[in-house]
Amino acid sequence: MKAMILAAGLGARLRPLTDTLPKPLLPIAGRPLIVWNLLLLRRYGVTEVMINLHHLGHLIEQALGSGSEFGMRIVYSKEPVILGTGGGLKQAEPFFGGEPFFVLNGDTLFDMNLDDMTAAYRRSHAVAAMAVRADPEPERWGAVEMDAACHVCRISGRGMNPEGRSEKRMFAGVHLMHPRLLASVPAGRESSIIEAYVGAIQAGETVVGCELAGYWSDIGTPERYAQARRDAEAGLINLKDRLA
C-alpha cells in the first residue's frame with residue numbers, strides 16, 4: 001500500500017519558526033516531524049510515499065531525498081500554487097495506481113495501528129476510513145458524526161441524517177481511501193477533500209470512522225509545538241518504537 005503526506009502548507013501560525021523552515025521539518029526529539037510519520041508508515045509496511053510541496057518545499061526534498069535512508073521510495077508533487085487537500089490529492093492521483101492509500105497531514109504527530117484501520121476499511125467495504133478522536137469540542141476541528149456501526153454520516157453538519165443514535169468525534173487528519181473518492185475532485189484547482197467525502201456519503205458510499213486511541217497532536221501553534229516536544233521528551237510518544 002502507498003501513502004501521501006500533505007506537506008504544502010504555509011505554517012503561518014508558527015511564524016517566525018516557519019519563515020526559514022517548513023513546518024514538517026520542525027524537530028521533535030532530534031528528528032524532523034515528517035520523519036516520525038514516515039517511520040510509522042514503514043512500520044506498517046508502507047514503503048512508497050508521495051509528498052506534496054509548496055512553502056520551502058525544496059528544503060523538505062533536500063532533507064528526505066529519495067527516501068532510501070528510511071527504507072522507502074519517496075516522490076514529490078510540487079505545487080506552485082497551493083491546491084488544498086482535494087487538489088493536492090487529485091494532482092498525485094496517478095501515483096496511487098488505482099489502489100487504496102493512506103493520507104497523513106504533515107503537521108500531525110500521532111500513534112495509531114494502521115493495520116486495524118486497514119481491517120476496518122476492508123471489513124466495511126468502504127470508500128474511505130477516517131481516523132477520529134473524542135474531543136470536548138469536536139466542531140473546532142471539524143465534527144465527524146458516526147452512527148452505531150461507526151459509519152460516518154455527517155462531516156461538519158453535512159451529509160446524511162443518521163438512523164438512530166449517533167456520536168460526534170473530531171477528525172484526526174489520517175485517512176485511508178480508495179482513489180475513486182477523487183473522481184469528483186476538480187483537477188488543477190484548490191479544493192478540500194471534505195467536499196468529496198460529503199458527496200460520497202450523500203451518494204450512499206460507506207465511510208467508516210476509526211478511533212485513534214494513541215497519542216495525537218496537531219503541531220499548529222507555538223504552544224502545541226512546545227507541548228509535543230515535551231511529550232516526546234517525557235516518552236509519551238517513542239521514536240524508538242518506530243525504528244524497531
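Given the structure is predicted, the values throughout are model-derived calculations rather than measurements.
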Group every Ile, Leu, Val, Met, Phe, Trp and Tyr by side-chain heavy-atom contacts under 4.5 Å, then state whether Ile237 and Leu25 land in the same group.
-> yes
side-chain contact (heavy atoms from CB on, under 4.5 Å) filter on Ser184, not counting sequence neighbours, yields Ala196
In short, Val46 meets Lys2 closest at the heavy-atom pair CG1-C, 3.9 Å
Grouping I, L, V, M, F, W and Y whenever their side-chain heavy atoms are under 4.5 Å apart, do Val174 and Leu41 come out in a common cluster?
yes
In short, ring pair (Phe, Tyr, Trp, His ring centres under 6.0 Å) pairs touching residues 175-224 with sequence neighbours left out are Trp141-Trp216, Phe171-His175, His175-Tyr197
Residue pairs passing the ring pair (Phe, Tyr, Trp, His ring centres under 6.0 Å) test with at least one member in residues 71-102, sequence neighbours excluded, are Phe96-Phe101
_Under 4.0 Å between a side-chain nitrogen and a carboxylate oxygen: does that hold for Asp111 and Arg43?_
yes
Value for NE2 (His54) from CD1 (Ile82), rounded to nearest 0.5 Å, stands at 4.0 Å
Should Cys210 and Met112 be marked as a side chain to side chain contact (heavy atoms under 4.5 Å, CB included) after you check the CA-CA gap, both sets of side-chain angles, and the distance that decides it? CA-CA 10 Å; Cys210 301; Met112 183 178 187; 4.0 Å; yes
Hits for side-chain contact (heavy atoms from CB on, under 4.5 Å) against Ala213, two or more places apart or cross-chain, chain-then-number order -> none
Value for CE (Met130) from CG (Leu176), rounded to nearest 0.5 Å, stands at 12.0 Å
Requested in this report: Indicate, with yes or no, if Leu83 and Leu6 share a hydrophobic cluster defined by side-chain heavy-atom contacts under 4.5 Å among Ile, Leu, Val, Met, Phe, Trp and Tyr.
Outcome: no
Test log, rule side chain to side chain contact (heavy atoms under 4.5 Å, CB included), inputs Ile74 and Ile51 = CA-CA 7 Å; Ile74 299 176; Ile51 301 173; 3.7 Å; yes
Here the pair of heavy atoms bringing Gly71 nearest to Thr47 is O-CG2, 3.9 Å
Q: Please test Arg230 against Gln227 for side-chain hydrogen bond (donor to acceptor under 3.5 Å, both in side chains), starting from the C-alpha separation and ending with a verdict.
A: CA-CA 5 Å; Arg230 290 193 294 270; Gln227 184 62 57; 2.8 Å; yes
Between Arg154 (side chain) and Gly159 (backbone), is there a donor-acceptor pair under 3.5 Å? no
Which of Val208, Val207, Ile201 passes side chain to side chain contact (heavy atoms under 4.5 Å, CB included) with Val127? Answer is Val207
Taking side chain as C-beta onward, heavy atoms only, is Leu64 less than 4.5 Å from Phe70? yes
Mind checking whether Leu181 and Met160 sit in one hydrophobic cluster, side chains of I, L, V, M, F, W, Y counted as touching below 4.5 Å?
yes
Sorted by chain and residue number, the side-chain contact (heavy atoms from CB on, under 4.5 Å) partners of Asn37 (sequence neighbours excluded) come out as Ile5, Leu104, Phe110, Arg242
Note: Ile60 and Pro22 closest approach over all heavy atoms is CG1-CG, 3.6 Å
Q) Salt bridge between Glu93 and Lys90, side-chain N to carboxylate O under 4.0 Å? A) yes
Worksheet entry | Asn105 side-chain N/O to Thr108 backbone N/O, donor-acceptor pair under 3.5 Å | no
Rounding to 0.5 Å, atoms CD1 (Ile155) and CD1 (Ile193) come to a distance of 10.0 Å
Rounded to the nearest 0.5 angstrom, the CG-CD distance for Leu53 and Glu61 is 6.0 Å
Residues at least two apart in sequence or cross-chain that pass side-chain hydrogen bond (donor to acceptor under 3.5 Å, both in side chains) with Thr206, listed by chain then number, are none
Quick one: do Thr85 and Val103 satisfy side chain to side chain contact (heavy atoms under 4.5 Å, CB included)? Show the steps, please. CA-CA 10 Å; Thr85 53; Val103 183; over 6 Å; no
Per-pair distances, 0.1 Å, donor-acceptor, side chain in residues 114-124, under 3.5 Å, sequence neighbours excluded:
| from | atom 1 | to | atom 2 | distance (Å) |
| --- | --- | --- | --- | --- |
| Thr118 | OG1 | Leu114 | O | 2.9 |
| Ser124 | OG | Ala120 | O | 3.0 |

Sorted by chain and residue number, the side-chain hydrogen bond (donor to acceptor under 3.5 Å, both in side chains) partners of Arg31 (sequence neighbours excluded) come out as none
**Q.** Steps toward side chain to side chain contact (heavy atoms under 4.5 Å, CB included) verdict (Arg224, Arg13)
**A.** CA-CA 11 Å; Arg224 289 206 293 273; Arg13 292 177 297 166; 3.7 Å; yes
Do Leu38 and Met72 touch side chain to side chain, with heavy atoms closer than 4.5 Å?
yes
Contacts of Ser156 meeting side-chain hydrogen bond (donor to acceptor under 3.5 Å, both in side chains) (sequence neighbours excluded), chain-then-number -> none
For Ser77 and Gln91 the tightest heavy-atom approach is OG-NE2, 2.8 Å
In terms of heavy-atom contacts, Met4 and Ala92 come closest through SD-CB, 3.7 Å
Applying side-chain contact (heavy atoms from CB on, under 4.5 Å) to Ile28 and not counting sequence neighbours gives Leu33, Trp36, Leu109, Tyr225, Ala228, Arg229, Ala232
Please tell me whether Met1 and Met177 are part of a single hydrophobic cluster in this structure, the criterion being side-chain heavy atoms less than 4.5 Å apart.
no
Heavy-atom closest pair (Leu21 atom, Leu56 atom, distance to 0.1 Å) is N-CD1, 3.5 Å
So salt bridge (charged side-chain N to carboxylate O under 4.0 Å, His left out) across residues 197-214, not counting sequence neighbours, yields Arg169-Glu211, Arg180-Glu205
Got a donor-acceptor contact below 3.5 angstrom from the Asn52 side chain to the Ala7 backbone?
yes
Applying side-chain hydrogen bond (donor to acceptor under 3.5 Å, both in side chains) to Arg73 and not counting sequence neighbours gives Glu48
